[in-house]
Engineer: 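Got a structure for you, written out below as structure tokens; questions coming shortly.
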Amino acid sequence: MVQEKKEMGQRNVIEEDIKFVAGLSLPWEKLEGKTVLLSGASGMIGSLLVSVLMERPESIRVIGIGRDIEKARTRFGKYWDRPDFLFLARDMNQPFSMEEKADFIIHAASNTHPAAYSSDPIGTMTTNLLGTISLLEYAASCIGSRFLLASSVEVYGENRGDREYFDESYCGYIDCNTVRAGYPESKRACEALCQAFIRQKGVDAVIARLSRTYGPTMLLSDTKAVSQFLKKGAAGEDIVLKSAGNQLYSYSYAADAVSGLLTVLLKGACGEAYNIADPNSDITLKDLSAMIARKSGGKVVFELPDEKEAAGYSKATKALMDGSKLKELGWQAAWDMEKGIERTLEGLRARLEKERQ
């Protein structure tokens with residue numbers, strides 16, 4: 001048992017995830033000799049996606065865009081001096097231009113945590129809107145390129161009570177006269193921009209709608225409920241639940257989200273949107289908090305959120321996504337909720353331990 005624990009402690013969950021996704025059966029040949037431009041490269045999903053592309057044997061040039069060059073240097077140190085990797089420190093609120101032409105453009109930069117929705121509502125909207133416009137304009141200048149928008153379950157808003165699962169044609173309800181509406185409304189507008197650029201400028205664009213995503217590459221500053229639960233669990237602390245926990249949502253382990261994005265990028269039809277979700281990762285907040293507490297040896301405690309926190313929370317009480325359209329392209333989730341949580345806790349503990357050294 002001691003030896004088993006020692007071996008487990010030596011595992012690098014993130015590296016395992018990278019190798020797993022890089023080894024999937026996808027039409028990787030479409031990326032041979034191509035350049036992939038990715039915004040949000042230092043984020044939970046973007047950083048994993050960059051690493052997957054860099055580990056493939058095809059001659060893929062990866063250009064990552066992010067705000068913090070030092071954080072990127074730390075995350076991508078093993079690739080930093082390679083000629084097929086370039087990192088650009090850019091603010092997606094500013095117009096983007098680059099002489100080099102990319103064959104694939106992935107827009108994954110966004111303020112994706114509730115604290116930003118209430119503390120920086122303008123920045124939340126502009127990063128989505130201005131960043132999408134800039135990269136779509138760039139895509140239009142790269143003849144023959146493909147553009148992928150990383151969208152969100154948030155575009156569905158609140159369930160009107162007429163559907164168990166959201167398919168890609170569903171349109172729920174969003175109260176646009178709230179500070180939090182900036183995130184879902186701007187994501188909806190980004191999808192509409194894709195359609196506009198398809199029609200008016202001939203851009204080949206596809207859309208991936210991500211469910212609530214978690215994983216060992218998540219930012220430790222992330223304020224989403226699942227991220228807060230996981231940080232507490234990895235640190236050996238009690239899990240703080242700031243509601244009754246009856247919200248029922250779809251989740252995705254980060255490596256499954258990345259494999260979904262790649263499936264949409266390489267196999268999706270122009271103009272189509274695809275949900276990245278699997279029913280084995282549908283769970284209520286209270287069951288999720290209890291699962292993490294059980295696996296981390298803590299307990300769940302209840303605490304009222306302050307006004308600023310509450311302003312950033314989703315009002316949706318049930319947001320389950322139908323992922324069957326993506327599965328028709330051959331995608332399937334590799335991890336259910338329980339296994340994904342176990343891997344995330346293991347990976348986060350390793351990161352926290354490394355920071356303490």
Engineer: Supply the atom-to-atom distance Ser39 OG to Ile106 CD1, rounded to the nearest 0.5 angstrom.
Structural biologist: 9.0 Å
Engineer: What's the spacing between Glu191 CD and Ser151 OG if we round to 0.5 Å?
Structural biologist: 3.5 Å
Engineer: Donor-acceptor check, side chain of Lys325 to backbone of Asn275, threshold 3.5 angstrom: yes or no?
Structural biologist: no
Engineer: Report, as yes or no, whether the 6.0 Å neighbourhood of atom CD on Glu272 holds more than 12 heavy atoms from other residues, nucleotides or ligands.
Structural biologist: yes
Engineer: One thing to verify: whether Glu158 and Lys318 come together as a salt bridge, which I'm taking to mean a side-chain N less than 4.0 angstrom from a carboxylate O.
Structural biologist: no
Engineer: Roughly how far apart are Thr132 OG1 and Phe197 CZ, rounded to 0.5 Å?
Structural biologist: 9.5 Å
Engineer: In Å, rounded to the nearest 0.5 Å, how long is the span from CE of Met321 to CG of Leu326?
Structural biologist: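 With rounding to 0.5 Å, CE (Met321) is 9.5 Å from CG (Leu326).
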Engineer: Ignoring hydrogens and geometry, is there a side-chain-to-backbone donor-acceptor pair from Lys101 to Ser145 under 3.5 Å?
Structural biologist: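 Side chain of Lys101 to backbone of Ser145, a donor-acceptor pair under 3.5 Å: no, none is there.
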Engineer: Enter the distance from Ile198:CD1 to Ile207:CD1 here, rounded to the nearest 0.5 Å.
Structural biologist: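 Interatomic distance, Ile198 CD1 to Ile207 CD1, rounded to 0.5 Å: 6.5 Å.
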Engineer: Does the side chain of Ser110 come under 3.5 Å of the side chain of Thr127 through a donor N or O and an acceptor N or O?
Structural biologist: no
Engineer: With distance as the sole test, does Ser134 use its side chain to make a donor-acceptor pair with the main-chain N or O of Gly131 at under 3.5 Å?
Structural biologist: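 Not at all, since once roles are kept as given, no pair shorter than 3.5 Å links the two residues.
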Engineer: Salt bridge between Arg163 and Asp322, side-chain N to carboxylate O under 4.0 Å?
Structural biologist: no
Engineer: Classify the side-chain pair Tyr251/Asp278 by whether it contains a donor and acceptor separated by less than 3.5 Å.
Structural biologist: no
Engineer: Quick check on salt bridge (charged side-chain N to carboxylate O under 4.0 Å, His left out): which of Lys187, Arg180, Lys224 does Glu154 satisfy it with?
Structural biologist: Arg180
Engineer: In residues 22-29, what donor-acceptor pairs under 3.5 Å come from side-chain atoms, sequence neighbours left out?
Structural biologist:
{"unit_1": "Trp28", "atom_1": "NE1", "unit_2": "Leu24", "atom_2": "O", "d": "2.8"}

Engineer: Using modelled atom types and a 3.5 Å cut-off, is there a donor and acceptor pairing between side-chain atoms of Ser59 and backbone atoms of Gly33?
Structural biologist: no
Engineer: Can you list the steps and then say if Ser211 with Ser252 is a side chain to side chain donor-acceptor pair (under 3.5 Å)?
Structural biologist: CA-CA 6 Å; Ser211 52; Ser252 291; 2.6 Å; yes
Engineer: Using atom types as modelled and distance alone, determine if a side-chain donor or acceptor of Arg188 lies under 3.5 Å from a backbone N or O of Val155.
Structural biologist: yes
Engineer: Look at the side chain of Lys30 and the backbone N and O of Leu266, then say whether any donor-acceptor pair between them is shorter than 3.5 Å.
Structural biologist: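 Yes; at least one donor-acceptor contact below 3.5 Å.
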Engineer: For residues 253-270, pull every pair meeting side chain to side chain donor-acceptor pair (under 3.5 Å), keeping only residues two or more places apart or in separate chains.
Structural biologist: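 Matches after skipping sequence neighbours: Asp17-Tyr253, Tyr253-Arg343, Ser259-Trp331.
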Engineer: Return yes if a side-chain donor-acceptor contact under 3.5 Å exists between Glu137 and Ser141, otherwise no.
Structural biologist: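 On atom types as modelled, these side chains do not qualify, holding no pair under 3.5 Å.
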Engineer: For Gln247 and Thr284, indicate whether the former's side chain and the latter's backbone hold a donor-acceptor pair under 3.5 Å.
Structural biologist: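 No; zero donor-acceptor contacts below 3.5 Å.
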Engineer: If I compare all heavy atoms of Ile276 with all of Leu261, which pair ends up nearest, and what's the gap?
Structural biologist: CD1-N, 3.6 Å
Engineer: Taking 4.0 angstrom as the limit, do Arg209 and Glu168 come out as a salt bridge?
Structural biologist: no
Engineer: Working to the nearest 0.5 angstrom, can you tell me the gap between Leu31 CG and Leu265 CG?
Structural biologist: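 Nearest 0.5 Å value for the CG-CG distance: 6.5 Å.
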Engineer: Should the pair Arg61-Asp84 be classified as a salt bridge under the 4.0 Å nitrogen-to-oxygen rule?
Structural biologist: no
Engineer: Can you name the residues that form a salt bridge (charged side-chain N to carboxylate O under 4.0 Å, His left out) with Asp68, not counting sequence neighbours?
Structural biologist: none
Engineer: Do you know the tightest heavy-atom contact between Tyr214 and Asp336?
Structural biologist: OH-O, 4.0 Å
Engineer: For the pair Glu55 and Lys78, find out whether any cationic side-chain nitrogen is under 4.0 Å from an anionic carboxylate oxygen.
Structural biologist: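 Result for this pair is yes, salt bridge flagged.
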Engineer: Using ring centroids (six-membered ring only for Trp), state whether Phe20 and Trp335 fall under 6.0 Å.
Structural biologist: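 Under 6.0 Å, so yes.
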